[in-house]
Structure formats: C-alpha cells, structure tokens
A.B. asks: 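First, the structure itself, so that you have it in front of you.
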Amino acid sequence: MTDLRGTRALVTGASSGIGRATAELLMEHGATVLATARRSLPLADLTGPFGSRGIAIAGDLTDEAFRA
C-alpha cells in the first residue's frame with residue numbers, strides 16, 4: 001500500500017470486521033482516521049497503538065443528534 005501520510009479517512013463500522021481492519025490498515029500506512037461505530041467497548045482500543053493518527057467516536061450514524 002502507498003504511503004498515506006497527510007491523508008484523512010472516515011471509517012464507519014470500525015469496531016469489528018472489515019471496518020476495523022480497514023481503519024487499522026489506513027493508520028498503519030500513515031493516514032489520520034476518524035473511526036465510528038455503535039459499540040463503544042470494541043472501538044475503545046482501536047486507535048491506541050496509532051497515537052494521534054486515530055480518533056474513535058462511538059455513536060449511531062442513523063441518529064440525527066450524533067451526526068450534528
């Protein structure tokens with residue numbers, strides 16, 4: 001994969017499966033990632049190893065208050 005330093009990504013469903021793997025891969029290659037998911041516990045440890053390259057926010061994107 002290409003060096004992604006300086007790029008940003010939004011990954012939904014990042015608490016498990018393909019969403020989590022995608023977020024991890026992007027951060028491994030230098031992208032700054034905003035990761036969202038409904039389940040806060042599995043999401044909590046996602047960004048730790050990547051320092052400032054990851055921000056995790058738990059919430060439901062179908063909830064208008066969360067999107068605001």
A.B. asks: Can you give me every donor-acceptor pair (side chain of residues 23-44, partner residue at least two apart or in another chain, under 3.5 Å) with its distance?
C.D. replies:
from, atom 1, to, atom 2, distance (Å)
E24, OE2, R20, NE, 3.3
R39, NH2, S15, OG, 3.2
R39, NH2, S16, OG, 2.9

A.B. asks: State, to 0.1 Å, how close F66 and L61 come at their nearest heavy-atom pair, and which atoms those are.
C.D. replies: CE2-CD2, 3.5 Å
A.B. asks: Applying side-chain hydrogen bond (donor to acceptor under 3.5 Å, both in side chains), can you list everything that pairs with R67, at least two apart in sequence or on another chain?
C.D. replies: none
A.B. asks: May I have all residue pairs that pass salt bridge (Lys or Arg N to Asp or Glu O under 4.0 Å) and include part of residues 2-18, sequence neighbours excluded?
C.D. replies: D3-R5
A.B. asks: Under the 4.5 Å side-chain heavy-atom rule for ILVMFWY, direct or indirect, which residues accompany I18?
C.D. replies: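 Under the 4.5 Å side-chain rule, I18 groups with nothing.
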A.B. asks: Sort and list the pairs that fulfil side chain to side chain donor-acceptor pair (under 3.5 Å) and have at least one residue in residues 46-56, not counting sequence neighbours.
C.D. replies: none
